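Below you'll find the structure, written out as structure tokens, and then a few comments.
Quick caveat: nothing in here was measured; it's all calculated off a predicted structure. Only this structure's heavy atoms are used, side chains among them; waters, hydrogens and symmetry mates stay out.
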Amino acid sequence: MDFLLSHFKVSIILPKGFKTVYKNKMKQEFLRRKFEVIEFFYETPLKEHQIIYYLKDVDAAVVGGENITQEVIEKTKRLKIIAYFGVGVDKINLKAAKEKSIYVTNAPNANAISVAEFTMGLILNCMRKICFSHNQLRGNNWQMVIGSECGEKILGIIGLGSIGKEVAKRASYLGFNIRAFDINHNYEFVRRYDIKYISLDQLLSISDIITIHLPLNSKTRWMINKTKINKMKNLSYLINTSRGEIVDEQALIEALELKIISGVALDVFKNEPPSRKNKLFKFNSLRSITTSHVAAGTIEAANRIAEVTRNNIILVSKEQKPLFITNK
Amino acid sequence: MKKNKVTILLPKVFEELYKRNLKKIFNDKYIMREIFFNKLYSKQQMIDIATDEKVLIITLETIDRDVLEAYSNLKIVTIYGVGFDNIDIQAAKEKGIFVTNASGANATSVAELSLGLMLSVARNIINVNNLTKAGKWNLFLGTEISHKTLGIIGLGKIGKELAKKITGFDMKILAYDVFRDEDFANKWNVEYVDIDRLASESDFISLHVPSSKENYHLIDYNFFCKMKKSAILINTARGKIVNENNLIKALEEKKIAGAALDVFENKSPSYHSRLFQLNNVVTTSHIGGSTLEAMIRIGAITLKNLEETFQGKIPINNVYKI
């Protein structure tokens with residue numbers, strides 16, 4: 001059986017949408033190197049026992065949005081790297097991985113432009129009611145809607161990291177007045193795009209559009225709670241393309257029902273896939289635009305992530321240290 | 001001083017905005033007949049409602065020779081917008097009736113909608129929204145627009161606004177226009193090209209030319225065949241610029257990847273048209289200029305043109321040469 005162990009085994013567990021990118025950017029290289037590859041392209045996320053099945057006997061794992069729990073990690077026998085096919089590794093138990101000396105890597109910045117562009121698309125959809133107008137027409141109803149222009153509106157960016165900056169750069173040419181909240185300050189960047197740093201409470205109370213670009217961690221979980229949402233302006237919109245657990249969904253639903261805010265555009269939810277009963281899907285497209293965690297979903301971003309991931313798996317197969325380790 | 005009579009026809013959706021922001025100013029100066037419609041008035045309806053007003057403020061109604069003849073006191077037709085392809089300019093000129101628009105007043109609004117539509121098609125935002133609302137949760141891969149090529153057909157006021165506003169996306173911008181503004185092109189990194197090169201090199205093509213005889217079906221099957229298979233067409237200008245049947249054919253034959261249309265060949269498009277069924281087409285109801293800001297700006301321009309007319313001057317926005 002020894003000859004089997006000499007094989008470098010890789011498990012690929014990704015949403016079905018990434019299959020082509022995987023084939024084009026990773027598979028050939030893995031086969032050329034005689035890796036033993038196990039592929040699973042899913043439509044609905046895997047259960048824990050399935051994840052254990054795919055991870056327990058391999059050297060490397062490429063994963064999407066799965067919960068890689070302590071239980072999963074403890075069951076692995078030879079795993080050396082969990083390469084996350086994206087940026088936010090909040091569903092992976094980093095500590096448990098570290099204890100077993102398993103690298104957890106990601107592809108930082110690879111999807112910043114895609115997420116920023118999607119965010120801009122959601123902002124313009126809210127301001128111009130594009131979804132609503134389109135759906136009305138498809139229902140044989142020619143109905144005019146009145147929107148508003150971007151100029152002089154206040155755009156509040158919560159989290160001015162690599163994605164927030166890409167949003168700011170694009171929004172600045174649309175004439176938005178940009179305000180940002182972040183614990184880290186980059187004065188050179190904000191000077192270039194005429195952005196002012198302000199407190200979170202101030203940002204919430206003056207912004208016409210608020211967009212969240214934070215990583216999920218113990219400090220940001222439920223950061224936008226009921227008290228914070230109640231500070232928002234009556235005619236404002238909240239956009240979230242970061243992580244669902246940063247916003248209190250129940251409070252958001254109440255705010256929409258009580259018309260405390262104009263509307264929301266959400267690409268992320270507390271549970272994904274969300275429950276069909278989640279009320280956020282019950283509002284019409286004037287109040288709520290909802291998408292299925294696709295902000296990073298472009299061919300360009302997927303190709304960039306695939307290259308980083310492929311290179312990291314190869315490095316580990318050669319017993320070298322991968323890049324972008326998140327659990328140092 | 002005796003007040004002049006004005007009839008204004010606006011879509012119902014603008015009623016509240018008009019009453020809140022414009023009604024008082026208009027009524028202080030003129031005797032107003034205010035009509036807010038659910039369905040655009042037909043030519044016959046326009047004739048039927050004619051009285052002795054000196055001013056007609058309209059949007060998309062057909063104003064041909066017959067209509068003009070029904071209004072015996074008419075001094076000026078003011079378009080509460082920009083495009084005036086619905087008006088018989090020659091007939092108006094012969095009758096000494098001014099025709100004014102609010103050129104430039106909605107440029108920002110239209111440019112922003114064009115960008116919004118580009119992103120909506122490139123990222124399938126509308127379908128994904130509707131799918132999630134139907135309980136589906138799928139990963140969909142779209143395309144980025146940054147670092148791609150945008151072709152702007154018609155680099156006038158709206159085309160220029162789009163070129164400026166899209167700067168943050170680092171796109172390569174190609175433009176086709178019979179008139180060239182080299183200073184603008186240099187400043188905003190726009191390259192003027194012929195229409196064939198624009199068709200074949202652009203990833204996104206946005207139309208910003210007026211509707212005219214020359215531009216009728218400017219975008220036809222031949223044009224679509226020159227486009228990249230991955231390219232997306234955006235039309236927020238006028239429906240008649242694009243041959244709709246050719247567009248449907250091009251989409252079905254996958255000559256191009258998608259389209260977004262805010263305007264249609266017929267003002268009341270047939271909902272049986274494939275355009276309202278195809279998955280890769282976004283359609284909106286001529287909302288390009290429909291923003292609070294543009295409506296208020298147009299209100300101010302309209303008042304200025306009326307004032308000049310009644311002072312015996314040629315109004316500044318008269319659309320034909322005297």
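- The closest side-chain heavy-atom distance from B:Glu144 to A:Ile299 is not below 4.5 Å.
- Residue-level contacts of residues 162-172 of chain A with chain B, in order of numbering, are A:Lys169, A:Arg170; threshold 4.5 Å between heavy atoms.
- Of the possible polar contacts, one joining the A:Glu117 side chain to the B:Ile145 backbone as a donor-acceptor pair under 3.5 Å is found.
- Close approach to chain A, defined as a heavy atom under 4.5 Å from one of its heavy atoms, is seen in B:Glu293, B:Ala294, B:Arg297 of residues 293-302 of chain B, taken by number.
- One finds the OG1 atom of A:Thr290 at 4.5 Å from the CG atom of B:Asn129 (value rounded to the nearest 0.5 Å).
- Here the side chains of B:Thr132 and A:Phe281 are in contact, with some heavy-atom distance below 4.5 Å.
- With a 4.5 Å cut-off on side-chain heavy atoms, A:Pro273 and B:Lys136 do not count as touching.
- You'll find the side chain of B:Lys39 stays beyond 4.5 Å of the side chain of A:Trp142, heavy atoms only.
- Using a 4.5 Å cut-off on side-chain heavy atoms (C-beta onward), A:Asn125 and B:Ile125 make contact.
- For B:Ile166, no part lies near chain A; criterion is any non-hydrogen pair under 4.5 Å.
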May I have the step-by-step check of side chain to side chain contact (heavy atoms under 4.5 Å, CB included) for A:Ser285 and B:Lys133, ending in yes or no?
-> CA-CA 9 Å; A:Ser285 301; B:Lys133 294 214 162 123; 3.7 Å; yes
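- With a threshold of 4.5 angstrom between heavy atoms, B:Asn38 does not approach chain A through any atom at all.
- Atoms CG and CG, on B:Leu119 and A:Leu124 in that order, are 6.5 Å from each other to the nearest 0.5 Å.
- Remark: B:Thr108 OG1 to A:Glu149 CD distance equals 5.0 Å, nearest 0.5 Å.
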